[in-house]
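Letters A, B, ... are given to chains in the order of the sequence lines, protein chains preceding strands, and every chain is numbered from 1.
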4 protein chains.
Amino acid sequence: MRKRLGKEKLIKERRAQMLTASAKVFAEKGFHKATIREIAGEANVAEGTIYNYFRSKRELLLSLVSAFVEESLQLAMTRPSSKSDKEFLTTLLKDRFTLIDKNMNLVRVILREMMLDEELRHPFFEQILSKISSQLEDLLETRAEEGVFRKLDAFIPVHAMMGSFLGFILLGLDRKGHRLPPEELASQLADFFLNGLRLRSGEEPT
Amino acid sequence: MRKRLGKEKLIKERRAQMLTASAKVFAEKGFHKATIREIAGEANVAEGTIYNYFRSKRELLLSLVSAFVEESLQLAMTRPSSKSDKEFLTTLLKDRFTLIDKNMNLVRVILREMMLDEELRHPFFEQILSKISSQLEDLLETRAEEGVFRKLDAFIPVHAMMGSFLGFILLGLDRKGHRLPPEELASQLADFFLNGLRLRSGEEPT
Amino acid sequence: MRKRLGKEKLIKERRAQMLTASAKVFAEKGFHKATIREIAGEANVAEGTIYNYFRSKRELLLSLVSAFVEESLQLAMTRPSSKSDKEFLTTLLKDRFTLIDKNMNLVRVILREMMLDEELRHPFFEQILSKISSQLEDLLETRAEEGVFRKLDAFIPVHAMMGSFLGFILLGLDRKGHRLPPEELASQLADFFLNGLRLRSGEEPT
Amino acid sequence: MRKRLGKEKLIKERRAQMLTASAKVFAEKGFHKATIREIAGEANVAEGTIYNYFRSKRELLLSLVSAFVEESLQLAMTRPSSKSDKEFLTTLLKDRFTLIDKNMNLVRVILREMMLDEELRHPFFEQILSKISSQLEDLLETRAEEGVFRKLDAFIPVHAMMGSFLGFILLGLDRKGHRLPPEELASQLADFFLNGLRLRSGEEPT
DNA sequence: AATGAATGAGCTTTCATTCAT
DNA sequence: AATGAATGAAAGCTCATTCAT
């Protein structure tokens with residue numbers, strides 16, 4: 001029994017080892033230019049071994065995405081206890097920025113391959129983006145009913161925010177020097193967005 | 001002379017033909033999975049012919065980017081006659097959305113390859129984004145001095161807007177065509193952004 | 001351990017197998033017209049296998065040269081026990097002729113490609129020819145001091161002999177019928193050369 | 001008529017122009033690596049033009065060989081007025097060394113391709129080498145009968161001399177230019193050879 | 001006669017995947 | 001379970017040759 005557990009643990013570690021290695025190589029070279037040989041080398045296993053854990057190079061990528069999605073979801077589900085709107089939004093953004101920051105290389109690969117690959121895009125969009133999207137929509141609608149936010153079709157602002165977020169990732173690629181720390185960035189973005197949502201004094205709440 | 005002109009024109013058409021074909025195939029398959037054979041087939045020329053016009057597959061991609069950058073720049077330079085801020089921003093966004101819409105396939109390829117390829121990223125960032133970015137910064141600063149906008153470090157709002165824009169492109173991948181027509185999208189986005197920029201009554205203009 | 005040795009041996013055999021095959025095909029077709037496919041076929045391996053042993057087609061050729069140079073050197077270093085001059089020279093020439101005969105295909109390729117390729121020429125000239133050359137020069141000078149040979153600048157006779165030797169290889173290409181057995185050829189050549197070197201009676205030993 | 005002649009002359013010039021260009025490029029790159037494009041460029045004509053004068057790239061090479069053979073033959077036929085043997089041989093060698101020197105690059109290509117190509121080898125061997133060979137054989141036999149030279153099967157010395165000659169060409173590859181001027185080389189070689197052929201005093205003339 | 005754009009066969013090389021050990 | 005040598009399909013690219021102008 002002990003042995004069994006140790007064995008299973010070992011297997012999981014091997015898997016993780018390979019996933020980590022592939023994440024690194026994919027990130028550096030892109031999916032196509034990454035070779036199994038290099039990934040195997042990075043993971044300190046033989047090429048053939050990888051095929052004992054993953055059916056194909058592609059499945060390696062899919063597993064990578066799954067792992068990332070899973071981690072993201074845990075974070076995404078921990079809805080910030082909404083004190084003020086500013087705090088809520090800042091925390092939401094900061095958490096995501098931090099997650100992205102930690103997995104920047106991986107995110108780049110995923111974003112990259114996502115553009116061509118429906119199978120890759122789907123879990124990402126459906127599981128991650130839609131979660132965040134609905135959280136934001138909830139916030140917007142709740143606050144609109146409370147008379148704090150303008151009454152808007154949530155589609156535009158939600159997508160603008162999320163898009164903006166993705167955009168920062170992309171744009172950030174080239175401005176390493178310029179990049180603000182996640183907290184600062186989150187705070188300023190939240191401010192910018194909120195001030196576009198807040199009902200201005202003297203305006204009808206509708 | 002007449003003949004010569006006709007020949008030159010023909011050559012340009014051939015070039016365009018191949019660029020178009022490659023844009024299509026690159027977009028469908030991605031740069032790596034796209035084959036010269038398929039591009040040649042799409043362009044109705046022999047494989048070798050492509051190498052009479054482009055030194056390599058990669059140069060085909062670079063030429064594609066150049067062509068797009070050039071077209072974009074012409075548009076970027078035609079600064080909308082700024083009547084109201086809303087109109088200015090709406091027009092700016094609408095023009096870009098339209099350009100992107102027209103070249104969606106191309107944009108996808110470029111965005112995709114940009115992430116791994118410094119040589120590809122550079123002209124895009126330096127030539128296009130920086131132009132748009134400085135236009136927006138100008139607007140923000142001018143209006144801020146006039147007391148209409150809040151005084152902000154332009155970095156955040158400018159990048160939020162552009163990032164949001166890129167984000168819409170990405171998000172648009174999953175939905176065949178935008179749900180909203182470019183004009184409507186532009187208008188709503190402009191509204192969203194502006195209301196975040198406008199000085200609210202009772203607030204210090206600084 | 002046993003296993004390991006067997007494996008290493010197998011690998012060396014494989015390598016040899018490919019080198020032999022490439023020598024044959026290179027000899028028949030010349031370096032450029034020889035295709036990897038044909039070499040692989042001749043060696044009974046897949047095309048890709050060749051690239052597990054040699055980095056490129058060119059390296060295959062270089063390895064071929066190295067192998068030949070190595071074998072030649074072993075022979076070249078075994079200086080014939082110099083009984084009479086005639087025997088010494090005959091043995092020297094015969095050994096070389098035999099070596100060449102055994103590797104005729106290979107020598108053709110090397111000679112052929114040597115003419116254009118400095119990198120190929122260099123090891124051949126520096127390692128093989130210079131060894132033989134200095135052996136001959138030694139002989140000439142020793143004998144000259146002993147008063148048996150005429151005192152000559154060794155350059156001409158040494159190069160004439162070696163050149164003649166190479167020339168026989170080249171000229172021999174077309175006269176398969178005419179070719180004398182190596183021993184006979186060596187003996188007659190030695191005689192011819194020596195009688196040009198021998199001090200004639202009544203002549204000053206210098 | 002005048003026009004006609006001018007035209008024909010022009011055509012011959014064109015041909016010569018292309019042959020010269022091809023000789024240069026073949027010599028620099030070798031037959032296979034030489035491209036029609038480069039030859040055409042060197043000759044200042046269009047690629048297609050070459051095919052109006054020569055059926056194929058290969059025929060270009062064959063024509064080149066023919067031209068060289070022809071020039072060589074003219075020289076080979078002008079048998080040196082044989083004063084002394086030394087003078088005869090020296091002149092013979094010198095003439096050939098000079099011819100080779102002038103066409104070194106071309107000779108290399110021919111030698112190179114000759115090794116693989118029966119069709120190329122044949123005219124060279126049959127027309128040039130056999131001419132020189134028989135001249136030498138004549139000399140040897142005449143002098144043998146006169147009691148000046150040893151009675152030998154002419155095969156060995158003739159081929160040794162010619163081989164030596166070829167050898168000097170090959171060996172010369174590594175040294176930019178011969179160390180010795182053609183006259184000096186020819187004289188010393190003649191001396192070396194002759195002293196191997198001359199009947200030594202006290203020996204039977206047979 | 002001269003041109004040079006178009007052609008496409010054929011080359012070297014890479015690399016995901018298999019499988020005997 | 002792990003290995004890594006062998007595989008061979010498939011890709012980018014070159015270039016002799018053709019032919020419409």
Side-chain angles (χ1 to χ4, degrees), chain A residues 7 10-11 14 31-41 43-60, chain B residues 3-4 6-7 10-11 14-15 18 32-41 43-60, chain C residues 3-4 6-7 10-11 14-15 18 32-41 43-60, chain D residues 7 10-11 14 31-41 43-60:
Chain A
K7 215 169 203 178
L10 208 65
I11 287 181
R14 288 280 238 191
F31 181 72
H32 258 96
K33 284 199 180 170
T35 66
I36 291 290
R37 196 191 298 274
E38 191 175 359
I39 293 169
N44 277 323
V45 295
E47 288 154 73
T49 304
I50 291 182
Y51 287 84
N52 290 335
Y53 291 80
F54 305 92
R55 237 192 302 271
S56 68
K57 186 184 172 188
R58 178 145 207 284
E59 187 145 304
L60 206 46
Chain B
K3 220 174 187 175
R4 193 63 161 269
K7 215 168 207 177
L10 209 65
I11 286 182
R14 286 283 235 195
R15 238 187 94 92
M18 293 176 206
H32 262 97
K33 282 200 182 169
T35 67
I36 291 290
R37 206 184 297 274
E38 189 174 359
I39 293 170
N44 278 324
V45 295
E47 288 160 67
T49 303
I50 290 184
Y51 290 87
N52 289 338
Y53 290 80
F54 305 93
R55 246 194 294 274
S56 68
K57 187 183 172 189
R58 179 143 211 286
E59 188 146 304
L60 203 48
Chain C
K3 220 174 185 173
R4 194 62 161 267
K7 213 170 206 173
L10 210 66
I11 286 183
R14 286 283 235 195
R15 239 188 93 92
M18 292 176 206
H32 262 96
K33 281 200 181 167
T35 68
I36 291 291
R37 202 186 300 272
E38 190 175 358
I39 293 170
N44 277 323
V45 296
E47 288 158 69
T49 304
I50 290 184
Y51 288 87
N52 288 340
Y53 291 79
F54 306 93
R55 250 195 290 275
S56 67
K57 187 184 174 187
R58 179 143 211 285
E59 187 145 306
L60 203 48
Chain D
K7 217 170 201 176
L10 209 65
I11 286 182
R14 288 282 237 192
F31 180 73
H32 257 95
K33 284 198 179 169
T35 66
I36 290 290
R37 196 190 300 274
E38 191 174 358
I39 293 170
N44 278 324
V45 297
E47 289 155 74
T49 304
I50 290 184
Y51 286 84
N52 290 336
Y53 290 80
F54 305 91
R55 239 193 300 273
S56 68
K57 186 185 173 187
R58 179 144 207 285
E59 188 144 306
L60 207 45

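Note that CG of A:Asn44 is 11.0 Å distant from OG1 of A:Thr49, once rounded to the nearest 0.5 Å. Atoms CG and CZ, from A:Asn52 and A:Arg14 in turn, are 9.5 Å apart once rounded to the nearest 0.5 Å. Expressed to the nearest 0.5 Å, how far CD1 of A:Ile36 lies from CD1 of A:Ile50 amounts to 5.0 Å. Taking NE2 of C:His32 as the reference point, atom NZ of D:Lys33 lies at 5.0 Å (rounded to 0.5 Å).
D:Ile50 places its CD1 atom 14 Å from the P atom of F:dC15, with the value rounded to the nearest Å. As a whole-Å value, the separation of B:Ile39 CD1 from F:dG12 P is 8 Å. Between the C1' atom of F:dA2 and the CD1 atom of A:Ile11 lies a distance of 12 Å, rounded to the nearest Å. The interatomic distance linking A:Glu38 (CD) with E:dT14 (P) rounds to 14 Å, in whole Å. Atom C1' of nucleotide F:dA5 and atom CZ of C:Phe54 are separated by 14 Å, given to the nearest angstrom.
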query: Reading DNA chain E 5' to 3', what string of ( ), [ ], | and . shows its pairs, if Watson-Crick and G-U wobble pairs count only when both distances fall under 3.5 Å?
result: .||||||||||||||||||||
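The side chain of C:Tyr53 contributes no N or O atom lying less than 4.0 Å from OP1 or OP2 of F:dA5. Side-chain N/O atoms of D:Arg14 include one lying less than 4.0 angstrom from OP1 or OP2 on E:dA2. Phosphate contact (OP1/OP2 of E:dT7, side-chain N/O of B:Thr49, threshold under 4.0 Å): present.
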Return the polar atom pairs (N/O with N/O) between nucleotides 16-20 of chain E and the protein under 3.5 Å, or none.
from   : atom 1 : to      : atom 2 : distance (Å)
E:dA16 : OP1    : A:Ala34 : O      : 3.2
E:dA16 : OP1    : A:Lys57 : NZ     : 3.0
E:dA16 : OP2    : A:Ile36 : N      : 2.8
E:dT17 : OP2    : A:Tyr51 : OH     : 2.9
E:dT17 : OP2    : A:Lys57 : N      : 2.9

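Listed for the B:Lys57 side chain is a donor-acceptor partner under 3.5 Å among the backbone atoms of B:Ala34.
If you find the closest nucleotide of DNA chain F to C:Met18 and to A:Ala46, the one lying nearer the 5' end belongs to A:Ala46.
Side-chain contact between C:Tyr53 and C:Ile11 is present, with at least one heavy-atom pair separated by less than 4.5 Å.
When all heavy atoms of C:Phe54 and C:Glu59 are compared, the pair lying nearest together is CD2-O, 4.4 Å. Shown here for D:Phe31 and D:Arg58, the closest heavy-atom pair between the two residues is CZ-CA, 3.8 Å.
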